[in-house]
Amino acid sequence: MKEYDHKKIEKKWQKEWVEKNTYRTLSAKQASAKKMRPFYILDMFPYPSGVGLHVGHPRGYIGSDVLARKMRMQGYNVLHPMGYDAFGLPAEQYALEHKIHPRKAVEKNVATFEKQLSIIGLSYDWARKINTTDPEYYKWTQWGFLQIYNSWFDPKKNKARPIAELVRIFETKGSDTFSAKEWKAMTSMEKQNVLMQYRLAYEGYSDVNWCPHLGTVLANDEIVESPTGPISERGGYPVEKKRMRQWFMRITAYGDRLIEDLEKLNWPAHMKEIQKNWIGKSEGSEIAFELEHFPDRVSVFTTRADTLFGVTYLVLAPEHLLVEKLKSHAQNESEIDAYIVATKKKDEMMRTATDKDKTGVELVGVRAMHPATKEPLPVWIADYVLPQYGTGAVMAVPAHDERDAGFALRYELPVKNVVTPFFAYTTGPDAVRNDKPMVKRDTVVAIVKHWSEDKYIGLKWKNQNWKTFVVGGTNGENPEIAAVREVQEETGYKNIKYVRTLGEAQSQFYATHKSENRWAFMTGVYLELENGDHIDVVEGEKQLHEVVWLSKKEVESFVDSNESFLFWNAVKDQTQIFTNDGVLVNSEMFDGLTSQEAREKITEAVGGKIVTKYKFRDAVFARQRYWGEPIPLAKNADGVISEVSLSKLPLELPKVTSYEPTGTGEGPLASVSAWKKAGYETNTMPGWAGSSWYFMRYIDPSAKKQFASDTELAYWFNKKKTGGVDVYVGGAEHATGHLLYARFWHKVFFDLGYVPTKEPFEKLMNQGMILAADGRKMSKRWGNVVNPDEIVSLYGADTLRLYEMFMGPFDASLPWSTESIIGSRRFIERVWKLQARVVKKGADVSIYETVLHKTIKKVTEDIESFSFNTAVSAMMICSNTFEKAGQINEEDFLSFVKILAPFTPHLADELWNAFAQKGSIHSAPWPTFNPKKLVSETMTIAVSVNGKVKAELVVSKDATESEIVALAQKEEKLILALAGRNPQRVIYVPNRLVNFVI
RNA sequence: GCCGGAGUGGUGGAAUGGUAUACACGUGCGACUCAAAAUCGCAUGCCGUAAGGCUUAAGGGUUCAAGUCCCUUCUCCGGCACCA
């Protein structure tokens, strides 16, 4: 047996695999002929940034490669491709910095990347490689854009439809705002403007995140907050708001479906959560407030229409379109102007800081009318109201909203309470009974503090199992008077001082002792005793309950009703306000309704409408940069837009001398005279355009007539599945960018009938980051980067692969340890040495057979669940067992090598061929385990007393319960532990333990 | 603040409610060697010479049995954050 020489072995097999096309994916037709089922496992394709890889980068690729190899051996037609996402800022920035053309930069970086990747032994089908900057590729990105441009979202059918169908509707029926006749009378420009409001890709104006340094607009997920304000994620340059002409994708139209369909996907829960939060769906009402002296109405969005009667003022965002008009009628115009200017400045800084005090200015003299009470309401502007969300205006309810409360406190605005906490008992002995009358009662709940200690009175009731504060009816008195009276009657204390009222609550329950339902209108009152003087309590009260003094901590475990807790919290925290749902008060005809009922009824009564809002915005689909796909649209001198037809696609990027940003807001393409003359759009597409559909190109990368042929689409994107790609592996940081955009693009294509599945990615796996040994991110800046080339050269690719899979859970961030990697190398060498123990036939299998079959089972299952670390550990156990056996049958050893093959492909093929097997191990069938061989001849049973293990028994696998119990009772340790006591129960868990309960 | 997830040896980590600390690193001792490295063997949660006891962030609960389920608290990581 030769020494294990990883360099020689790895070089040999990498060459062999390329020559023999070992990892070629079959076309739909070829595979169908062989009845091979498809399995699509995809890595997120990289930006070839040129910086070079560190050991963390290949981790995801290795994981997906392990799965791909296993599936291939199990007979699937596996599609496992790789490509490059090379448009966009990273590549362009690199080119700018190195003073070379972006295309050259991409070529160079791709070459570096492939060189580094090639030595790891990944099983990609390189024949399917794609590059988003290849004109033959971006031809279809442009085509896809045009499909989206030529679609509108039909809310009734909840799907995209061709814009031509909308035109037909306008021609025959018109719309809400114009008739068919009026439509026909419109100029083509007018029609274009109308349709633009419907298209899924549309031109619009909006405040965008403008980065002066990069000379471009950035998406929300491309900027981050910093202490000095928003900055670009890439480069960290300041970002400000700027109103600009833009192309957008109407992704908000899909808000509902993007949330709903998440449920059907096999994605990590936190990824779904992140997308849900980002989309930020909330249901509420839009309610209009009329203005005195103005024909305009202020529309507000609220999720709490039930609190409408608690509105005491309105607040508009300083940017609200009406402000300009209203302020000229206000008495304090200059003050308003100053505030607006200050807001704009703050906009660049940090307007969204949460901990700052809320500021605002009243539009003195401007009054809105309450839609229900018709009372006049002051109107304010304040920067805590955001122009982009809802309607940019809010109705302020300081009694039930924390922000409004803070604002009202600062500017001394009135507070009106309209919702009271409500507790209805629906289960248990106190549950309201339908067959009994409901009796309303005004009651007080008194919390009484000790005269010198921090203690409070509780009542222990003798007949019922109640523990309460002092409670009682008011008999028509003021609550504070009733409270003092009740305390004196029930406790005997005389010198009681009223401190404050704690609020109100209502409760419905069944009063057993009176056989009636009670509807209690409770007022909480806080009292303090001035001294301990007291009189005797009348005998009747004494029999009812006992008075106890409780510390703060004791109170919390003493009282058990929600109402008591509510009032108790009001004692502890004076400033708290009630923001939950409850029952309405002070709301005229709506009094007594629950918040839930009231929201709908009040909205209806004041002519509002129920609407759904989303936090996320339509996605900006334009960059003022050179290095992106040209948008295939042109405008003539009159501004009429025309499309570049499919036969003229791709619309290629022109050659330019200077591709640096102009900084004016127009892209560098504006300085290309021929381009400008043709009227072509000077913005290019954003980085996420090409990555939103690339997984569809891999299935048929050379298709000429379509982005992929129908045959391949039907094969790989089976319409019976929810998602097309079976497993998608990549970083969690793409949750709100790429993964959302790709889902949107795919859904439009699905609606238009271009793809068979409604979602792009069925299962998603996030690989964890590999940190440096110091626990920080690997970065040149820290000088802690570990280069994979060095590791491969020193230990071999198989060791690197094995170690990265063994380190820990696939999705966990783990520190790299150059110390620990030696363990993986040792394992490989020990497997190598096992060769010497292999015999054709006749080895004593009893030592290793059970372990081998268990290992095959575990590795098969663990690879599927991405539990690579435990799969490797199982194989280590198996190999250790082999070492203990004198000899191993060749068949058994090769089964072991097969399950090892996905992890250490070079070593596996070398061993496979050392035993003169035909072909590559990676085309050999995956081994199966024999269920009968999973159980060994003997088993170990733990003997425990009250769950504590005292002894172990080794028994035959056929031993019965009674035999085992009998054997256990003879164990000395058990007898000692029982100390003569007889067990009350004996619990036997088959194959595991027997527990004696004493 | 809100929403997720997690806290287990010196380290990375393992454990369908059923023998906690698998597997690996490190460390110690031994073998081989003139010696060292490599390799092989043994040991290795904590306290204790031992018998034995204790131990999964802390505290409580459910259970014959809890790292695992429930409640409270603390810490860390991730996401969102004036979203009306």
Side-chain angles (χ1 to χ4, degrees), chain A residues 225 268-278 280-282 284-285 300-305 307 315 317 350-358 382-386 388-397 400-404 406-407 556-557 579 613-616 732-733 735-736 766 773 802-803 806-809 811-824 826-827 829-830 833 867 869-880 883 940-953 976 983-998:
Chain A
E225 287 302 333
H270 71 275
M271 292 297 278
K272 294 185 180 182
E273 200 62 35
I274 291 171
Q275 285 208 346
K276 250 188 226 170
N277 285 344
W278 182 263
K281 180 178 174 174
S282 72
S285 311
V300 303
F301 174 69
T302 179
T303 55
R304 293 297 304 274
T307 63
V315 192
M350 237 183 144
R351 169 160 167 187
T352 50
T354 50
D355 47 355
K356 77 174 170 81
D357 280 341
K358 288 163 188 46
D383 67 3
Y384 79 87
V385 177
L386 302 175
Q388 317 93 317
Y389 186 74
T391 59
V394 301
M395 55 180 226
V397 187
H400 305 293
D401 180 280
E402 301 224 13
R403 285 157 309 167
D404 297 340
F407 193 76
E556 275 159 35
S557 51
T579 56
K613 296 281 178 195
Y614 300 94
K615 273 196 264 183
F616 80 150
E733 67 274 17
T736 56
N766 300 122
L802 192 77
Y803 178 60
F806 179 61
M807 291 173 79
D811 56 0
S813 286
L814 299 164
W816 178 263
S817 165
T818 303
E819 230 173 29
S820 303
I821 194 171
I822 189 68
S824 298
R826 278 184 199 143
F827 168 72
E829 285 183 25
R830 288 163 76 154
K833 285 180 195 159
S867 309
N869 56 331
T870 49
V872 174
S873 133
M875 289 188 292
M876 285 173 169
I877 293 169
C878 187
S879 139
N880 291 347
E883 281 178 358
T940 310
I941 302 289
V943 181
S944 62
V945 174
N946 288 347
K948 292 204 185 242
V949 179
K950 297 293 173 188
E952 274 177 9
L953 281 180
L976 213 67
Q984 293 168 10
R985 272 173 82 183
V986 178
I987 289 156
Y988 174 66
V989 183
N991 307 332
R992 292 205 179 263
L993 59 77
V994 54
N995 187 23
F996 292 84
V997 185
I998 53 172

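- Rounding to whole angstrom units, CD of residue A:E883 and C1' of B:G41 are separated by 12 Å.
- The CZ-P distance, from A:F827 to B:C40, rounds to 13 Å in whole Å.
- Taking 4.0 angstrom as the limit, A:R992 places a side-chain polar atom (N or O) nearer than this to OP1 or OP2 of B:U19.
- In this entry the distance linking NZ of A:K358 with P of B:A84 reads 14 Å, nearest Å.
- Neither OP1 nor OP2 of B:U11 sits under 4.0 Å from any side-chain N or O of A:S817.
- Around CD of A:E402, the count of heavy atoms belonging to other residues, nucleotides or ligands within 6.0 Å does not exceed 12.
- Syn is the classification of B:G9, since its glycosidic angle stays within 90° of 0.
- No side-chain heavy atom of A:R403 sits less than 4.5 Å from a side-chain heavy atom of A:V394.
- Considering only residues two or more places apart in sequence or on other chains, A:K950 meets the side chain to side chain contact (heavy atoms under 4.5 Å, CB included) condition with A:V945, A:K948, A:A977.
- Taking only side-chain atoms of A:W278, from C-beta outward, the nucleotide of B:C80, B:U19, B:U39 with the closest atom is B:C80.
- Checked by atom type and distance alone, the side chain of A:S817 pairs as donor or acceptor with a backbone atom of A:S820 at under 3.5 Å.
- Side-chain contact check for A:T303 versus A:K613: every heavy-atom pair is 4.5 Å or farther apart.
- Residues satisfying the side chain to side chain contact (heavy atoms under 4.5 Å, CB included) test with A:N991, not counting sequence neighbours, are A:M939.
- Separating the CG atom of A:L802 from the P atom of B:C25 is a distance of 12 Å, rounded to the nearest angstrom.
- At the heavy-atom level, A:I274 lies under 4.0 Å from the strands shown only through sugar-phosphate atoms.
- Spacing between atom OH of A:Y988 and atom P of B:U19 amounts to 13 Å, rounded to whole angstrom units.
- Counting any heavy atom pair closer than 4.0 Å across all strands shown, A:N995 reaches a base atom.
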Show me the dot-bracket string of RNA chain B, counting Watson-Crick or G-U pairs under 3.5 Å, with | for pairs to another strand and [ ] for crossing ones. (((((((..(((.....[....)))((((((.......))))))(((....)))..(((((..]....))))))))))))....

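- Judged purely by atom type and a 3.5 angstrom limit, A:N995 uses its side chain to pair as donor or acceptor with the backbone of A:G947.
- Only the C1' atoms considered, B:U8 is 13 Å distant from B:A22, to the nearest whole Å.
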Protein-nucleotides 3-8 of chain B N/O pairs closer than 3.5 Å?
unit_1	atom_1	unit_2	atom_2	d
B:C3	O2'	A:E273	OE2	3.2

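- In terms of position along RNA chain B, the nucleotide closest to A:V989 lies nearer the 5' end than the nucleotide closest to the other residue of the pair A:V989 and A:T303.
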Check nucleotides 20-24 of chain B against the protein and report each pair of N or O atoms closer than 3.5 Å, with its distance, or say if there are none.
unit_1	atom_1	unit_2	atom_2	d
B:A24	OP1	A:N880	ND2	3.2

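- Judged by closest nucleotide on RNA chain B, A:N946 is the one of A:K615 and A:N946 placed further toward the 5' end.
- B:G12 atom P lies 9 Å from atom CG of A:L814, rounded to whole Å.
- Contact check, A:R985 against B:C64: a side-chain N or O comes under 4.0 Å of OP1 or OP2.
- A:D383 has its CG atom 17 Å from the P atom of B:A81, to the nearest Å.
- Proximity note for A:E819 (side chain, C-beta onward) versus B:G13, B:A84, B:C25: the nearest is B:C25.
- A:V394 comes within 4.0 angstrom of a nucleotide base, judged by non-hydrogen atoms across all strands.
- Partners of A:T818 under the side chain to side chain contact (heavy atoms under 4.5 Å, CB included) rule, at least two apart in sequence or in another chain, are A:W816.
- Residues A:N946 and A:V997 meet the side-chain proximity criterion, which asks for heavy atoms closer than 4.5 Å.
- Using a 4.0 Å heavy-atom distance criterion, A:T940 is classed as a base contact.
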